[in-house]
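Here, residue 1 is the first one in the sequence, and each next residue gets the next number. Computed from heavy atoms alone, side chains included, the values below leave out hydrogens, waters and symmetry copies. All figures in this text were calculated on a predicted structure; none of them were measured in a lab.
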Amino acid sequence: MKKYLGILICIGILFGMMPMGYAEDAQKYLIQPKYDTARSFSEGLAAVGIKDKWGFIDKTGKEVIKLGYNEVRSFSGGLAAVRLNEKWGFIDKSGKIVVKVQYDQVTDFKEGFAAVQKDYKWGYINKLGKEVIKRQYDEASNFSGGLAAVGKYDQNAYINKKGFINTAGKIVVKPRYDEVIDFKEGLALVKIGGKSGYIDKTGKEVIKPQFDDAKSFSEGLAQVKIGGKWGFIDKNGKRVILPQYEYTNRFSEGLAGIQKNGNYGYIDNKGNVVFMTPSLMASFVEEDSAFKDGLAWVIKDDSSIGSVAGAINKKGEVVITPQYWVGPLMRNGNQFSEGLSAVCWKSGKWGYIDKAGTEIIKQQFKFALNFSEGLAAVQVNGKWGYIANPLVSN
C-alpha cells in the first residue's frame, strides 16, 4: 500500500452544462502556447516563465509584470513573493516592489502576515514590509486561525522544539513539542517522545500524547494508530471506532476509506461498513480518496501501466471507469475544479472530463493543470498556454 502514498492521480474536472458525449477536438487557445513554464491563475494573474525569467500575465495574455525575476510565486492577498538572485521580496499587482528584496526565505501572506528568514532566523512582516514579530525563531509557518507554529532549536535534543504564537508575537503554546500541526476544528495535533496527542488554543493537552501516530480532526473524528492498527477517536479522546485497520482515511461527507485484512471499503462515523470495493483500492493519498461533492477517487491495478484511477459515488458504484494513469512522481491536484478534472489517458495525453466521466476536452496535451478562475494551463509541443473552461463564462 505504501507505493500508493504520495502518488500522482492525473485527474481534473467539469460539472454539468456541456452536452453529453461532447468533446472539443480542435482546441482553441485563449492564450497561445509560448511559455516554457506556467502556473494557474490566482487573483486575476498567472505566473509564467521563459528560460529562467518569470513574470505575470493577465487573462488577455498581456504581460502586466515583465519577465525579469529568477523565481516567483502566485499572488496571495494582493502580493506575490519574487526572487532576484538569492533574495526574496514582495510585489503588488502593478509590479511595484512593496517589500524590499532582502530575505533568504519567505512564505506567502496569510491573515495579513508573511514569515521571513534572514541570517538564519525567522520572524513576521505585515503587508507594508514592517517587521512586526522579531526574527528570533529557527522555524516558522503561516498564521492559521490567529496562531502560527514556530520552532526554536533545543541544544539538548538537537532538534527544533515547536509551539504556537499569536499575531502579537506572544507565545501561546511554549515550544516543547517535536512536531505540531495547524489547528483543525479547534484542536492541534502535537507529537512528543514518539507519541501523538492534541492541544487546544490555550495550549492545554486535552488529549494526552499517547498514540503511536495520529492525524488531524475531520468531521469531529481523528485517525489514531495503536499497536500497528488505525481507529478513530472523538474530541474527548474516546475511541469511537476501535483500532483494527491497516490504513484509514479522514472522514469526509460522512464516510472514511479503510483497509482491513487487505480489503478496501468505506465506513460511517459509527464504524459501520457502508460498502466494500473488492476490485478497487481507496486511494490513501489523503485528499484524493476523501469524498467531495459525492465522489471519491479510487485506484485499480492495470497490467499495462501499473495502476489506473476512477471514481465512485457514496453507494460504492463506479461512476467514472478506472482508466486514467496513476503516476509515481506527483499529483496534479485533487478532486474536480470548476466542474472539470484534468486526466491523463494511457496514451500519455491529457484532457478533461466531467463528473460523469464524459470526455469534454479531448486528450491532446502533454500536460494539463486543473482549471482556476476559468482558465487552465496546458502544455503542447514543449510550450505552455491557456484554454478557457467551456462551462464558465469569462
Open item on the list: The test is side-chain hydrogen bond (donor to acceptor under 3.5 Å, both in side chains); show your working for Q102 and K118 and say whether it passes.
Closed with: CA-CA 8 Å; Q102 59 177 311; K118 189 177 182 181; 3.1 Å; yes
- [ ] Could you list the residues that satisfy ring-ring contact (aromatic ring centres under 6.0 Å, His included) with Y29, not counting sequence neighbours?
- [x] none
- [ ] Not counting sequence neighbours, which residues clear ring-ring contact (aromatic ring centres under 6.0 Å, His included) with Y245? List them please.
- [x] none
TODO: Using salt bridge (Lys or Arg N to Asp or Glu O under 4.0 Å) as the criterion, list what pairs up with R176, not counting sequence neighbours.
DONE: E205
Task: All ring-ring contact (aromatic ring centres under 6.0 Å, His included) counterparts of F109, not counting sequence neighbours - done: F90
Task: Pairs flagged by salt bridge (Lys or Arg N to Asp or Glu O under 4.0 Å) wherever residues 88-106 is involved - sequence neighbours left out - done: E43-K93, K87-D104
Task: Residues in salt bridge (Lys or Arg N to Asp or Glu O under 4.0 Å) contact with K235, at least two apart in sequence or another chain - done: E185
Task: Set of residues satisfying side-chain hydrogen bond (donor to acceptor under 3.5 Å, both in side chains) with respect to N272, sequence neighbours excluded - done: D268
TODO: Give the other cluster members for L128, using side-chain heavy-atom distances under 4.5 Å between Ile, Leu, Val, Met, Phe, Trp and Tyr residues; answer none if it is isolated.
DONE: none
Task: Identified side chain to side chain contact (heavy atoms under 4.5 Å, CB included) partner of V343 from the options I353, I320, I361 - done: I353
Open item on the list: According to salt bridge (Lys or Arg N to Asp or Glu O under 4.0 Å), who are the partners of K152, at least two apart in sequence or on a separate chain?
Closed with: none
Task: ILVMFWY clustering at 4.5 Å (side-chain atoms), partners of I199 - done: L147, F164, V172, V173, Y177, V180, F183, V190, I192
TODO: Without swapping roles, check the side chain of E338 against the backbone of E373 for a donor-acceptor pair under 3.5 Å.
DONE: yes
Task: Qualifying residues under ring-ring contact (aromatic ring centres under 6.0 Å, His included), relative to Y198, sequence neighbours excluded - done: F217
Sequence neighbours left out, cut at 3.5 Å: what donor-acceptor pairs do the side chains of residues 376-386 make with other protein atoms?
residue	atom	partner	partner atom	Å
K383	NZ	D36	OD1	2.5
Y386	OH	R39	O	2.6

- [ ] Could you please spell out the steps behind the salt bridge (Lys or Arg N to Asp or Glu O under 4.0 Å) verdict for K162 and D178?
- [x] CA-CA 6 Å; K162 302 174 184 68; D178 301 331; over 6 Å; no
